[in-house]
Amino acid sequence: MSFSQRVVELRKQRGFTQQGLSDATGIHVQQIKRYEAGSSLPTADALKKLAVVLHVTSDFLLFEPGEREPEDDMKLRFEAVAAMSAEDQQTTKAVLDAMIVKSQVTQTVERVSKTATKEKD
């Protein structure tokens, strides 16, 4: 389902007219109509206003189900971490943060190396 379809569906579920949604969000009614027609996408500020008034997350408005969620095996791991003591959670977070930084540095080094190699050729 697209962003525009979600806005229309949620607006109707919440009992808003286009004008009512406009009044509640402070977004001009013509802009609401553009969002619903799929001819325009919201700014971050407008997205936040829509999410608050429609009682959903901005991710719900923008992404398909499962598009922003971790794979099932990672979900299980995160659930296991959530059941750990606070101290073990902190340690796990530190290890994850270190691995994320390592991965980002490795990717950056590889990208720079490829660029340098292309420039030499």
Starting from [X], walk the hydrophobic network (Ile, Leu, Val, Met, Phe, Trp, Tyr; side-chain heavy atoms closer than 4.5 Å) and list everyone else you reach, by chain and number.
X	result
V105	V101, V109
L50	F3, V7, L10, F16, L21, I27, I32, Y35, L41, L47, V53, L54, V56, F60, L61, L62, F63
L76	none

Provide the full list of salt bridge (Lys or Arg N to Asp or Glu O under 4.0 Å) pairs with a residue in residues 8-26, sequence neighbours left out, each pair given once.
R11-E36
Does any pair with a residue in residues 83-112 pass salt bridge (Lys or Arg N to Asp or Glu O under 4.0 Å), and if so which ones, sequence neighbours excluded?
none
Inter-residue atom distance S113.OG - K118.NZ, 0.5 Å rounding:
12.0 Å
Quick check for you: to the nearest 0.5 Å, what is the distance between T92 atom OG1 and F78 atom CZ?
11.0 Å
Please list, chain by chain and in numerical order, all residues satisfying side chain to side chain donor-acceptor pair (under 3.5 Å) with [X], sequence neighbours excluded.
X	value
T115	none
T43	none
S40	Q31
Q89	none

Residue set satisfying salt bridge (Lys or Arg N to Asp or Glu O under 4.0 Å) with E79, at least two apart, ordered chain then number -> none
How would you list, by chain and number, every residue that makes a salt bridge (Lys or Arg N to Asp or Glu O under 4.0 Å) with R34, sequence neighbours excluded?
none
Suppose the criterion is side-chain hydrogen bond (donor to acceptor under 3.5 Å, both in side chains): which pairs have a residue in residues 49-61, not counting sequence neighbours?
D45-K49
Has the side chain of S22 got a donor or acceptor atom that lies under 3.5 Å from a matching backbone atom of Q18?
no
